[in-house]
2 protein chains.
Amino acid sequence: MTETSDFKLHPQLRSDSLRVGKLGLCELRLVNDARFPWCLLIPRVPDLVEMHHLPTAHRLTLFNEIEQVSEYLLGHTPSSKINVAALGNMVPQLHFHVIGRRPDDLSWPNSVWTAGPGQNYTKTAAETLIVGLREQLEIS
Amino acid sequence: MTETSDFKLHPQLRSDSLRVGKLGLCELRLVNDARFPWCLLIPRVPDLVEMHHLPTAHRLTLFNEIEQVSEYLLGHTPSSKINVAALGNMVPQLHFHVIGRRPDDLSWPNSVWTAGPGQNYTKTAAETLIVGLREQLEIS
């Protein structure tokens with residue numbers, strides 16, 4: 001996708017998560033919460049709030065990027081189920097949660113949003129996940 | 001979409017929600033919880049679990065059906081924000097939650113999954129919403 005200079009990552013998303021890199025449409029970030037392997041995909045299109053505001057031309061790309069991240073989480077973290085959500089009640093900028101879940105995780109079978117406060121990664125653990133994502137998704 | 005005889009709605013989704021009708025790809029249902037205007041879209045494709053398992057040929061249709069339901073909820077219920085999610089930790093059959101939210105609802109700004117037990121609709125209130133959805137989405 002052609003970069004638009006009008007897109008700016010919301011500061012709350014920036015502070016809650018760690019940079020992985022750029023996919024074709026989305027900024028890919030890792031939520032800084034070691035309890036769940038939890039990615040954010042943020043389409044680099046300015047002023048989007050709702051999922052259905054994403055222009056048709058970008059929709060298959062978004063779906064494909066969700067697929068790539070989902071496959072990574074299923075194949076390279078101890079996850080057996082993916083949760084995908086676009087909520088945005090707290091941070092209006094359109095962002096997709098893609099979360100690896102498993103039956104023995106802290107919140108199963110409930111959503112991650114019932115699990116209480118997050119726990120930051122150690123630097124090493126975060127780097128391992130970020131490097132893995134970059135390699136698998138061919139992000140330079 | 002051509003109906004496949006192999007698709008069967010999961011009994012838990014059937015008992016938690018009320019039938020609205022069939023869109024091109026998805027079965028549309030209203031969650032029987034008067035606290036939130038909350039629809040379910042269930043693609044009529046057998047054996048789907050994860051969002052990214054939906055065949056590419058159906059992805060734009062799914063997006064379009066999410067859009068139609070979102071626009072209905074924003075235009076015809078007191079909702080100012082849409083939450084979309086495919087979780088499936090409790091019911092494995094792929095289903096999308098499309099939920100109308102507003103800053104004075106019971107759970108705002110948290111997700112609806114932190115709001116405790118649901119409250120069934122009265123028959124009249126459910127019928128009003130179902131009839132409205134059918135008319136607006138041209139479901140016969």
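Chain naming here is simple, since letters A, B, ... match the order of the sequence lines and numbering starts at 1 in each. Here the structure is a predicted model, which is why all the values come from computation and not from measurement. Below, all heavy atoms of this structure are taken into account, side chains as well, without hydrogens, waters or symmetry copies.
- Proximity of A:Val49 to B:Lys81: side-chain heavy atoms (C-beta onward) are separated by under 4.5 Å at one or more points.
- Side chains of A:Asn110 and B:Met90 form a contact here, defined as non-hydrogen atoms less than 4.5 Å apart.
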Margin query: Could you walk me through whether A:Ile82 and B:Met51 satisfy the side chain to side chain contact (heavy atoms under 4.5 Å, CB included) test, starting with their C-alpha distance in whole Å, then the side-chain angles of each, then the deciding distance to 0.1 Å, before giving a yes or no?
Written below: CA-CA 8 Å; A:Ile82 299 296; B:Met51 175 174 173; over 6 Å; no
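- Proximity to chain B (any heavy atom under 4.5 Å) is shown, for A:Ile99, by neither the backbone nor the side chain.
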### Task
Could you give me the CA-CA distance, side-chain angles and deciding distance for B:His52 and A:Val69, then say whether side chain to side chain contact (heavy atoms under 4.5 Å, CB included) is met?
CA-CA 10 Å; B:His52 69 279; A:Val69 174; over 6 Å; no
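- For B:Arg59, the parts sitting under 4.5 Å from any heavy atom of chain A are the backbone and the side chain alike.
- Remark: B:Arg134 engages no residue in a salt bridge (charged side-chain N to carboxylate O under 4.0 Å, His left out) (not counting sequence neighbours).
- Heavy atoms of A:Ser80 lying under 4.5 Å from chain B belong exclusively to its backbone.
- For A:Trp113 against B:Leu87, the heavy-atom pair with the smallest separation is CZ3-CD2, 4.5 Å.
- When heavy atoms are compared at a cutoff of 4.5 Å, A:Trp108 approaches chain B solely by way of its side chain, counted from C-beta outward.
- Crowding of B:Asp47 atom CG: a count of heavy atoms from other residues, nucleotides or ligands under 6.0 Å not exceeding 12.
- Between the side chains of B:Asn89 and A:Asn83, at least one donor-acceptor pair of N or O atoms lies under 3.5 Å.
- A distance of 5.0 Å separates CG of A:Leu62 from CZ of B:Phe63, quoted to the nearest 0.5 Å.
- Cluster partners of A:Val131 are absent, since no Ile, Leu, Val, Met, Phe, Trp or Tyr has side-chain heavy atoms less than 4.5 Å from it.
- Under the 4.5 Å side-chain heavy-atom criterion for ILVMFWY residues, a single connected hydrophobic cluster contains both B:Ile139 and B:Leu30.
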